[in-house]
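Right, one structure below, let's go through it.
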Amino acid sequence: MQIAKKGGLFVSEKYEPLMKLKGKIIEEGYTISSLAEKVGMNRNTLANKLEGRTAFDITEIYTLVDILNINPEKVNQYFFTRWLQNAKD
């Protein structure tokens with residue numbers, strides 16, 4: 001597992017997509033609480049998913065892509081590790 005330096009922080013590649021997703025949440029003007037309410041999810045559940053403790057299911061990913069105006073071609077960058085992004089059939 002590689003470690004990357006991001007703005008003074010060292011971030012495992014495993015959590016890189018979640019860091020990018022958190023940035024997108026802020027960029028779109030949401031807090032964890034306001035986004036959880038909009039998605040219809042408990043705030044603690046969303047926080048756990050954003051910390052990598054539990055995974056997003058496909059329905060949650062589709063909902064977040066729509067709410068956060070994520071380009072469908074860039075979904076992998078927000079929800080999947082680089083290993084999965086580069087996986088081939």
Side-chain angles (χ1 to χ4, degrees):
M1 177 184 321
Q2 294 193 355
I3 306 293
K5 188 170 183 177
K6 299 286 181 188
L9 298 174
F10 288 95
V11 179
S12 163
E13 285 183 6
K14 176 181 175 184
Y15 297 105
E16 227 175 302
L18 295 175
M19 296 293 288
K20 188 166 185 164
L21 181 58
K22 289 176 189 180
K24 184 67 171 167
I25 291 167
I26 293 166
E27 180 182 310
E28 292 294 322
Y30 290 100
T31 63
I32 293 174
S33 295
S34 65
L35 182 59
E37 185 176 328
K38 179 124 179 148
V39 173
M41 184 184 293
N42 177 284
R43 185 219 177 275
N44 290 334
T45 300
L46 180 58
N48 284 334
K49 290 175 185 281
L50 291 171
E51 293 300 321
R53 292 185 190 110
T54 56
F56 288 100
D57 68 33
I58 194 67
T59 303
E60 294 164 343
I61 291 172
Y62 279 121
T63 301
L64 289 169
V65 165
D66 184 49
I67 291 170
L68 297 174
N69 300 307
I70 295 172
N71 180 332
E73 293 179 7
K74 296 187 177 186
V75 170
N76 288 348
Q77 296 175 17
Y78 293 92
F79 294 97
F80 303 104
T81 64
R82 201 169 308 172
W83 180 83
L84 286 173
Q85 291 173 28
N86 296 328
K88 304 286 183 208
D89 292 328

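The analysis underlying the following values was restricted to heavy atoms, covering all of them including side chains, and did not include hydrogens, waters or symmetry mates. None of the values given here were measured: they were computed from a predicted structure.
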All N/O donor-acceptor pairs, side-chain side in residues 61-72, below 3.5 Å, sequence neighbours left out:
{"from": "Thr63", "atom 1": "OG1", "to": "Thr59", "atom 2": "O", "distance (Å)": "2.9"}
{"from": "Asn69", "atom 1": "ND2", "to": "Glu28", "atom 2": "OE1", "distance (Å)": "3.1"}
{"from": "Asn71", "atom 1": "OD1", "to": "Glu73", "atom 2": "N", "distance (Å)": "2.8"}

**Item:** Approximate separation, where rounding is to 0.5 Å, of Leu46 CG and Lys49 NZ
**Value:** 8.5 Å
**Item:** Main-chain N/O of Asn48 paired with Glu51 side-chain donor or acceptor, under 3.5 Å
**Value:** no
**Request:** Calculate, to the nearest 0.5 Å, the distance between atoms CG and CE belonging to Leu21 and Met19 respectively.
**Result:** 11.0 Å
Identify every side-chain donor-acceptor pair in residues 35-42 under 3.5 Å, counting partners at least two apart or on other chains, and give the distances.
{"from": "Asn42", "atom 1": "OD1", "to": "Asn44", "atom 2": "N", "distance (Å)": "2.7"}
{"from": "Asn42", "atom 1": "OD1", "to": "Thr45", "atom 2": "N", "distance (Å)": "3.3"}

**Item:** Rounded distance [0.5 Å steps], CG in Leu18 versus CZ in Phe79
**Value:** 9.0 Å
**Asked** Which atoms form the tightest heavy-atom contact between Phe56 and Glu60, and what is the distance?
**Response** CA-OE1, 3.3 Å
